[in-house]
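For reference, the structure is listed below as structure tokens.
Proteins get letters first, then strands, A, B, ... in listed order; numbering begins at 1 in each.
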Amino acid sequence: MAMEKNFTPAEAEARISALWILQKVGAAGANKKPGRPAFSVMIPPPNVTGSLHMGHAFNNTLQDILVRWHRMQGDDTLWQVGTDHAGIATQMVVERELALTQQPTRREMGREAFLAKVWEWKEQSGGTIINQLKRLGASCDWDREAFTMSGNFPDAVTKVFVDMYNKGLIYRGKRLVNWDPHFETAISDLEVENTEVAGHMWHFKYRLAGGESYEYIEKDETGAVTLREMRDYISIATTRPETMLGDGAVAVHPSDTRYAPIIGKMVHLPLCDRLIPIITDEYPDPTFGSGAVKITGAHDFNDYAVAKRANLPCYRLLDTRAAMRADGAPYEVAVARARAIAAGAPTSEAEVDALNLVPEKYRGLDRLEARAQVVADITAAGLAVTVLVKEIDEETGSEHLRLEPVVEAKKIMQPFGDRSKVVIEPMLTDQWFVDTSKIVGPALEAVRTGATRIMPESGEKTYFHWLENIEPWCISRQLWWGHQIPVWYGPKIAAIGFAEIGARVPFCAASEKEAEKAALDYYSAFYGSDVNIRFTEFKAGPEPTQRDLEIGRPRRTANLPIDTTEGAFIEIYRDPDVLDTWFSSGLWPIGTLGWPEQTPELQTYFPTSTLITGSDIIFFWVARMMMMQLAVLDQTLPLEKRVPFKDVYLHGLVRDAKGKKMSKSLGNVVDPLDAINEFGADALRFTNAAMASMGGVLKYDPARIAGYRNFGTKLWNACRFAEMNGVWDGHQTQTGAPKASQTANLWIMGEAAKTLTEVNGALAAYRFDTAADALYKFVWGRVCDWYVEFAKPLFDGPHAAETRQTMAWVLDQCMILLHPFTPFITEELWATTGARTTLLVHQDWPTYGPALIDAASDAEMAWVTTLIDEVRSARAQVHVPVGLKIDIVATTLTPQARTAWARNEALIRRLARIETLTEGPAPKGSITLAAPGATFAIPLAGLIDIAEEKSRLTKTLDKLSKEIAGLNGRLTNPNFAASAPEEVVEEARTNLGARQDEAAKLRAALARLAEIG
RNA sequence: GGGCGGUUAGCUCAGCGGUAGAGCACUACGUUGACAUCGUAGUGGCCACUGGUUCGAUCCCAGUACCGCCCACCA
């Protein structure tokens, strides 16, 4: 049956993919050979509700190339596949879906029902991306598909949390964190995107208490006084006027002489009936603004640090949706209590947090509304730095002047949630943190010592830079979809029968049962062994122990009574928060291998060999995997046994052809499935490999994919030609190279060997582009362009049999070597040609080496191809029709050249379209070309334009003399001979000789032309 | 502000201490025993700029300019 003219990806890929899956070709250890090492790769788990985009296609292509390459080599190969539950992202998708289908909201249906919905959604859409990966040709072990919320994963996550908690690596605390008002959860620093936006800066006057005033003196650099005036206020600047309601102080730099007279004095906080002190701190920059900074501890990271240093109260002004708080006691009550606290009344963190110091008129307002209102009110109170503006009444036409607050337009960096895209608020809340400073050491050491290698090197620098400046990692999220934090809380016993107000005892345990046990241990120490524990639901709102903590109420009792009568229960409840997705992702390599059980898979495949991932998640994922696993695995093991992976390959982000980020709104998204449908998965894969130079941005150009689709077609047709000529008839797949004697056959085998070496070297160095390039050049540039053409005459000659054998072998090599890159078309070709005993996917990767390279054949074929090139070039330049066969005269011919000609005459004559060769002097009116060891004349009297030939020769001579001049210049420089390595000098000399020889011949030809012309 | 990277053909990018390569695009010719998703031959580059090291620099070093990315709390 004759082969089709083209490979049909749509039909063949589906069929082959099904076959691979059915035969479990990607199963762990498939095709493994004795004595070979393990090779394991963990897929970066895509979001379970996600779908394949170009980044995935790229990333997974590289993984598959490596995995197939190792599997063919007989390594014990595992490519672990799976998906991530992706907390925020998934919850967002499901909530959006609920809204779209007019179902009850998350809060309306409650936690349990909502989680059921998410699981439902996961079951329904969770397979999408996995199926898309199959279309790409990914050869994962599909039977081992993992999910971060299934199987042993939740247990592993819990165990790690408990272990880290017990080691003091995880702690809970009230800290200023990044708060996402849309999702109403804390997020980590990494989930915040800082973007420059147009903002404004306002200037307010905070009046000194008691009507005091001072002399305000400004000086320039030379110390000359530039301004001197009496002031009864201090001027502050802010981009967030609404937060002034929570100010705890005004800070100035200790060296700032302008404010020296008023340090320690109190100022009136506008709109607030409160006095706050002027304090000093290193933070304010005297050269910026007025040099005085309002300190709002609860709503700004810098201010928070200042407030901590100065022991200032941090008054929270915003609710979880970032509107002005409307909870708690009336403003009058709150402010009275705040004054008392300022005056030194004892208080607690919990009480300060409960105080709502937002005046009634602002309560419940959105941030921006509140901002406008505050500015208006301060302006009305005459406390804004203002400017006079002229205003025209449109009705009466009368003009009047109006005071307007000075508003400076200013670019400000504003934080946005990377998922929600809303403005993030610093918020003072209780959260769980990983004390990263305690676990960063081994992660740094592992890379420093080379136990883990990060490529490219710049990625290593980024890694170090981040880890060396690491901040605590906020791991709790106020979400529902995720791993719930394994901590239960109960009342803290202050004295028998009493619980301490605002305090709780945490019981961190791997299960409810163990939590109960821990609680029993704690409470029985006070009440004996007959205490009863009851699990209750966490109730949103203030802590139960705060219910008596009314504002302003004298704190007579520090404790609350606990009912410990017989039969009563002590209630404990589980922390409602879930863990950051990346906490569980951080355990991906060990978790998927069955940890904490010591499974055989863990023994065999851990540490994993290579992680291939985008450079954008080096912090999110790579660094955290390093830190967590090194902290969690048996510390007696050496670092090399604990690192999650030996090599990390970081690649750039995928962009469109112009380098723009792909986005739906820009309409420049290249959907990998579209590309696969149009060009085939192989074409997309080869494009991915060819683009994969280290670092930088990856620009997708569909034209490039089309080009590599053509490459597949090219190979297909070379095989079709071979098949038509029966090269595989009776052919068994050869492990060794065939015996051959014909130069072209020997040469092409050597080329295959060179290509193998190059591909092996390139892949070992993760240079997928170099490997792809080598294969492209070999298959198209050597096999198709030359060898197939040589084979045509050879098939009719005495070497027909060995040529058929060689061609079968060479094309087999093309399929094998290309298979990791373009698995579908090669598998199809493999099945279509020859008698095969195994699928190509499990064919052995060749091991032949330089022994296959025959230097004499190489040199001879170089001579042949050069000669053919020159004849073709000359013919084209003087416009000899391609169809016309010409005669050629050898005017000089060394014995070696004569042999080379004789042995390859059929090839040369066919490809250069030469009728006959004679020896003798150059006939009149011929063009001349010079090959090493030979000069040829092509008699073309009457066919060519003498002038054209002259100009051709002159042009060539010009080029030559330039080269000669350069070489001469070098060789005549005495320093060159003295300093340059021997072989470089020798090479230059040889080159010079050859060029001069060539030039001499051409000059002679030119002279001859001059005679006739 | 800190860090990292880039600047090579019209475009997208390799490369390397010995005066430059690929693919695409472009031009001319072409149905030559597989392939027009093709073939043959071409056009096209002071390798950003300025210094330095060197016998020799596109390559190494320093600086400049421009571009990009990451991180960052200037109210």
Side-chain angles (χ1 to χ4, degrees), chain A residues 3 5-7 189-190 194 201 236-240 251 283-285 287-296 300-305 410 412-413 415 426 456-459 461-462 465-466 469 615-616 618-619 652-653 657-659 679 683 690-691 693 695-697 699-701 703-704 706-725 767 769-770 773 776-777 781 784-785 788-789 791-793 795-796 869 872-877 879 881-883 885 910-911 913 962-963 966-967 969-970 973-981 984-985 987-988 991:
Chain A
M3 282 170 69
K5 225 173 153 181
N6 286 311
F7 174 64
D189 302 349
L190 291 179
N194 290 302
M201 193 153 77
I236 59 98
T238 181
T239 54
R240 305 227 24 207
Y283 162 61
D285 175 359
T287 65
F288 184 84
S290 69
V293 185
K294 67 190 220 30
I295 301 299
T296 318
D300 183 282
F301 285 99
N302 288 313
D303 293 5
Y304 182 67
K410 192 176 184 309
I412 54 172
M413 288 303 265
E457 214 178 310
S458 61
K461 287 180 186 164
T462 312
H465 189 256
W466 189 68
N469 299 287
S615 52
D616 53 331
I618 180 167
F619 308 136
L653 260 56
K658 289 176 194 145
F679 304 112
M691 285 198 314
S693 59
V697 171
K699 290 178 191 163
Y700 254 97
D701 187 353
R704 202 160 172 189
Y708 291 124
R709 182 266 324 267
N710 299 354
F711 174 58
T713 307
K714 189 75 183 173
L715 172 68
W716 180 268
N717 278 292
C719 291
R720 182 162 170 261
F721 167 78
E723 211 266 340
M724 286 165 80
N725 282 279
R767 289 306 305 260
D769 57 332
T770 310
D773 192 51
Y776 189 95
K777 287 199 167 95
C784 293
D785 285 351
V788 169
E789 295 306 322
K792 287 170 184 174
F795 282 159
D796 296 333
D869 278 341
R872 281 171 167 176
S873 181
R875 289 174 56 127
Q877 282 177 67
H879 303 120
V882 177
K885 292 199 173 181
R910 186 185 179 95
L911 296 200
R913 302 195 70 74
K962 245 176 141 181
E963 278 184 67
L967 288 162
R970 261 197 278 165
N973 182 343
N975 288 326
F976 176 65
S979 323
V984 172
V985 179
E987 196 195 332
N991 276 341

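- When all heavy atoms of A:Asp303 and A:Thr296 are compared, the closest pair comes out as OD2-N, 2.8 Å.
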Are there any protein N/O atoms within less than 3.5 Å of an N/O atom in nucleotides 36-45 of chain B, and if so, which ones and at what distance?
unit_1	atom_1	unit_2	atom_2	d
B:A36	OP1	A:Lys5	NZ	3.0
B:U37	O4'	A:Asn710	OD1	3.2
B:U37	O2	A:Arg709	NE	2.8
B:U37	O2	A:Asn710	OD1	3.3
B:U37	O2	A:Thr713	OG1	2.6
B:C38	OP1	A:Asn710	ND2	2.7
B:C38	O3'	A:Lys714	NZ	3.2
B:G39	OP1	A:Lys714	NZ	3.2
B:G39	OP1	A:Trp780	NE1	2.6
B:A41	OP1	A:Asp869	OD1	3.4
B:A41	O3'	A:Ser873	OG	3.3
B:G42	OP1	A:Ser873	OG	2.6

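- Within the 4.0 angstrom heavy-atom criterion, no nucleotide atom of any strand lies near A:Pro426.
- The minimum heavy-atom distance linking A:Ala718 with A:Val788 is given by the pair CB-CG2, 4.3 Å.
- Rounded to whole Å, the distance from NZ on A:Lys699 to P on B:C67 is 15 Å.
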Give the dot-bracket string for RNA chain B, reading 5' to 3', where a pair is Watson-Crick or G-U wobble with both distances under 3.5 Å, ( ) marks pairs inside the strand, [ ] marks pairs crossing earlier ones, | marks a partner on another strand, and . marks unpaired.
(((((((..((((....[..)))).(((((.......))))).....(((((..]....))))))))))))....
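- For A:Val985, the side chain to side chain contact (heavy atoms under 4.5 Å, CB included) test picks out A:Leu971, A:Phe976, A:Ala980, A:Arg989, with sequence neighbours left out.
- Among the atoms of the strands shown, base atoms are found under 4.0 Å from some heavy atom of A:Cys784.
- At a threshold of 4.0 angstrom between heavy atoms, the contacts of A:Ala978 with the nucleic acid are absent.
- To the nearest whole angstrom, the two P atoms, one in B:A75 and one in B:G5, are 29 Å apart.
- For A:Arg704 and B:C11, the shortest distance from a side-chain N or O to OP1 or OP2 is not below 4.0 Å.
- Listed by chain and number, the residues in a side chain to side chain contact (heavy atoms under 4.5 Å, CB included) with A:Glu789 are A:Lys792, A:Leu911 (sequence neighbours excluded).
- Considering all non-hydrogen atoms of both residues, A:Ser615 and A:Gly652 come closest at OG-CA, 4.0 Å.
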Name the pairs: protein N/O against N/O of nucleotides 6-10 of chain B, kept only if under 3.5 Å.
none

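- Residues that satisfy the ring pair (Phe, Tyr, Trp, His ring centres under 6.0 Å) test with A:Phe7, not counting sequence neighbours, are A:Trp716.
- Projected onto RNA chain B by closest heavy-atom contact, A:Glu987 and A:Thr770 fall at different nucleotides, the more 5' of which corresponds to A:Thr770.
- Checked against side chain to side chain contact (heavy atoms under 4.5 Å, CB included), A:Ser873 has the following partners two or more places apart in sequence or in another chain: A:Gln877.
- When rounded to the nearest whole Å, the span between CZ of A:Arg875 and C1' of B:A28 equals 16 Å.
- Look at CG on A:Asn991: it is 14 Å from P on B:G18, rounded to the nearest Å.
- A distance of about 16 Å separates the C1' atoms of B:C11 and B:U43, rounded to the whole Å.
- Residues meeting the salt bridge (charged side-chain N to carboxylate O under 4.0 Å, His left out) test with A:Arg970, sequence neighbours left out: none.
- A heavy-atom distance below 4.5 Å is found between the side chains of A:Leu190 and A:Trp466.
- Looking at heavy-atom distances under 4.0 Å, A:Arg913 makes contact with a base.
- Using a 4.0 Å heavy-atom distance criterion, A:Lys461 is classed as a sugar-phosphate-only contact.
- The distance from atom CD of A:Glu789 to atom P of B:C35 is 11 Å, rounded to the nearest whole Å.
- Taking the C1' atom of each, B:G56 and B:A14 are spaced 24 Å apart, rounded to whole Å.
- When every heavy atom of A:Pro793 is checked against every heavy atom of A:Arg910, the shortest pair comes out as CD-CD, 3.3 Å.
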Give each protein N/O atom lying under 3.5 Å from an N/O atom of nucleotides 72-75 of chain B, with the pair distance.
unit_1	atom_1	unit_2	atom_2	d
B:C73	O2'	A:Asn302	ND2	2.7
B:C73	N1	A:Asn302	OD1	3.0
B:C73	O2	A:Asn302	OD1	2.4
B:C73	O2	A:Asn302	ND2	3.0
B:C73	N3	A:Asn302	OD1	3.4
B:C74	N3	A:Asp285	OD2	3.3
B:A75	OP2	A:Lys410	NZ	2.9
B:A75	O2'	A:Ala237	O	2.7
B:A75	N6	A:Asp285	O	2.7
B:A75	N6	A:Phe288	O	2.4
B:A75	N1	A:Asp285	N	3.0

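- Residues passing the side chain to side chain contact (heavy atoms under 4.5 Å, CB included) test with A:Ala722, sequence neighbours excluded: A:Val727, A:Trp728, A:Met807, A:Leu811.
- Between A:Arg767 and B:G15 there is a side-chain N or O to OP1 or OP2 distance below 4.0 Å.
- Taking A:Tyr776 as the reference, A:Tyr708, A:Phe711, A:Trp780 meet the ring pair (Phe, Tyr, Trp, His ring centres under 6.0 Å) condition, with sequence neighbours excluded.
- Taking atom P in both B:C49 and B:A57, the straight-line distance is 15 Å, to the nearest Å.
- Whole-Å rounding puts the A:Met691 CE to B:C13 C1' distance at 11 Å.
- In this entry the distance linking CG of A:Leu911 with C1' of B:U32 reads 10 Å, nearest Å.
- At the heavy-atom level, A:Arg970 lies under 4.0 Å from base atoms of the strands shown.
- For the P atom pair drawn from B:C61 and B:G15, the interatomic distance equals 16 Å after rounding to whole Å.
- Between the side chain of A:Asn717 and the backbone N or O of A:Thr713, at least one donor-acceptor pair lies under 3.5 Å.
- In this structure, the side chain of A:Arg240 does not engage the main chain of A:Asp300 through any donor-acceptor pair within 3.5 Å.
- Atom-to-atom, CD1 of A:Ile618 to P of B:G3 comes out at 18 Å; the value is rounded to the nearest Å.
- The residue A:Gly966 sits close to a base: some heavy atom pair falls under 4.0 Å.
- Here the straight-line distance linking atom CG of A:Asn710 with atom CG of A:Asn6 works out to 9.5 Å at 0.5 Å rounding.
- For the P atoms, the distance linking B:U12 with B:A36 amounts to 31 Å, nearest Å.
- Rounded to an integer number of Å, the gap from A:Asn975 CG to B:U53 C1' is 15 Å.
- With sequence neighbours excluded, no residue forms a salt bridge (charged side-chain N to carboxylate O under 4.0 Å, His left out) with A:Lys885.
- For the C1' atoms, the distance linking B:A20 with B:U64 amounts to 26 Å, nearest Å.
- In this structure, A:Asp796 reaches the bases: a heavy-atom distance under 4.0 Å links it to at least one base atom across the strands shown.
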